[in-house]
Amino acid sequence: MEVKARHISEVNRMDYEEFIEVFGNVIEHCSLCAAAVWRYRPFRDVKHLHEEIGRFIDDLPEAGREAILRSHPDLAGRLAGLGKLTSESTREQKAAGLDGLTQEERTQMATMNNQYREQFGFPFVICARENKKEAILQGLATRLKNSPQAELAKGIIEVKKICYLRLLDLVEHEGVESRL
Ligand code: 2AL
């Protein structure tokens with residue numbers, strides 16, 4: 001999937017509807033996050049746009065931040081199996097090699113994803129484009145040992161990384177670092 005990157009000046013000229021059309025899924029299934037930051041135009045650059053989204057998320061009550069985690073599909077989960085992921089998520093899961101799991105890895109992932117969700121009340125979230133399937137399986141096993149507070153914080157850090165990479169796909173970013 002080739003995505004067209006726009007200059008920040010073009011972003012700053014977008015009306016609200018177009019802005020949501022383009023940026024509505026930079027936080028998975030949470031167009032409210034894009035809707036909330038439109039008022040902060042003009043953005044200096046893609047990092048500024050990312051910072052405003054991050055600030056909005058950080059200012060949400062705990063229940064809101066948990067809800068953002070809950071909006072993410074499981075990695076290599078049911079929706080992936082049904083081909084019902086968003087185009088962004090499909091691409092990210094593929095980049096991590098999650099479309100090529102062995103049967104054993106698939107079972108391992110499903111078991112730990114279920115255990116994680118049962119333990120914390122929200123799904124395990126990690127920036128798939130910054131990890132390969134081995135690192136994701138390892139991360140799941142390690143993070144299952146954390147406290148709910150630590151996992152809420154860690155999950156939100158990962159959501160912001162996912163958002164950053166999605167924004168880099170959409171906005172020209174010469175001179176801006178390619179990872180958070
Ligand atoms: C995801 C997803 O859909 N894309 C990504 O990088 N991570 N989901 C998840 N549960 O971590």
Side-chain angles (χ1 to χ4, degrees), residues 1-3 5 22-34 46-47 49-50 53-54 56-58 60 62-101 105-171 173 176-180:
M1 180 190 55
E2 201 48 52
V3 192
V22 173
F23 297 105
N25 207 49
V26 293
I27 302 293
E28 182 81 3
H29 294 307
C30 293
S31 60
L32 176 67
C33 295
V46 68
K47 283 194 82 161
L49 171 54
H50 182 261
I53 293 173
F56 174 73
I57 293 173
D58 289 339
L60 288 172
E62 191 171 292
R65 278 175 283 127
E66 281 185 359
I68 285 180
L69 293 180
R70 272 188 214 108
S71 303
H72 286 72
D74 275 350
L75 294 171
R78 195 180 62 87
L79 289 178
L82 293 171
K84 288 196 169 162
L85 294 172
T86 59
S87 59
E88 293 91 338
S89 183
T90 303
R91 179 169 174 222
E92 291 155 359
Q93 301 209 23
K94 194 163 178 235
L98 295 176
D99 58 338
L101 294 183
E105 288 168 335
R106 190 170 299 285
T107 307
Q108 243 182 324
M109 183 86 79
T111 306
M112 287 196 286
N113 266 336
N114 290 340
Q115 193 184 337
Y116 185 100
R117 191 187 293 273
E118 214 162 279
Q119 203 166 306
F120 299 114
F122 47 78
F124 171 76
V125 175
I126 191 167
C127 179
R129 277 203 266 180
E130 289 188 358
N131 292 278
K132 290 284 170 235
K133 62 178 184 175
E134 294 79 10
I136 291 172
L137 282 165
Q138 184 58 50
L140 244 172
T142 306
R143 283 174 49 185
L144 273 165
K145 300 186 189 116
N146 287 343
S147 69
Q149 285 74 18
E151 274 310 298
L152 176 56
K154 177 69 180 155
I156 291 297
I157 288 171
E158 295 297 314
V159 165
K160 289 179 189 170
K161 288 184 190 171
I162 296 167
C163 173
Y164 189 67
L165 295 183
R166 290 184 180 186
L167 284 172
L168 293 189
D169 290 335
L170 296 168
V171 184
H173 51 272
V176 165
E177 53 269 44
S178 58
R179 274 171 96 120
L180 267 191

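Counting starts at 1 for both ligands and their atoms, in listed order. Since the model is a prediction, treat every value here as computed from it, not as a measurement.
Side-chain N or O atoms of R179 include none that pairs as donor or acceptor with a backbone N or O of Y164 at under 3.5 Å. Under the 3.5 Å distance criterion, the side-chain polar atoms of Q93 are matched with a main-chain donor or acceptor of A76. Side-chain atoms of H72 do not come within 3.5 Å of backbone N or O of S89 as any donor-acceptor pair.
The side chain to side chain contact (heavy atoms under 4.5 Å, CB included) test with I162 singles out one residue from E88, E28, E92, R129, and that residue is E92.
Near A128, meaning under 4.0 Å from one of its heavy atoms, ligand 1 places the atoms 5 (C), 6 (O). Of all the atoms in ligand 1, the ones that sit under 4.0 Å from a non-hydrogen atom of F124 are 9 (C), 10 (N), 11 (O).
The protein heavy-atom contact nearest to atom 1 (C) of ligand 1 is L75 CD2, 3.5 Å. If you check which protein heavy atom lies closest to atom 11 (O) of ligand 1, you get I126 N, 2.9 Å.
Between E92 and ligand 1, a contact under 3.5 Å exists for at least one N or O pair. Here's the thing with S89: one of its N/O atoms is less than 3.5 angstrom from an N/O atom of ligand 1.
Among P73, A76, P123, the residue whose heavy atom sits closest to atom 10 (N) of ligand 1 is P73.
Sparse packing is recorded around NZ of K94, with 12 or fewer heavy atoms of other residues, nucleotides or ligands lying under 6.0 Å away.
Using a cut-off of 4.0 Å between Lys/Arg side-chain N and Asp/Glu carboxylate O, E62 and R65 are scored as not salt-bridged.
Contact annotation for C127 and ligand 1: only backbone heavy atoms (N, CA, C, O) come within less than 4.0 Å of the ligand. In I162, the part holding a heavy atom less than 4.0 Å from any atom of ligand 1 is the side chain.
When side chains are defined from C-beta on, F23 counts as touching L167, because their heavy atoms get closer than 4.5 Å.
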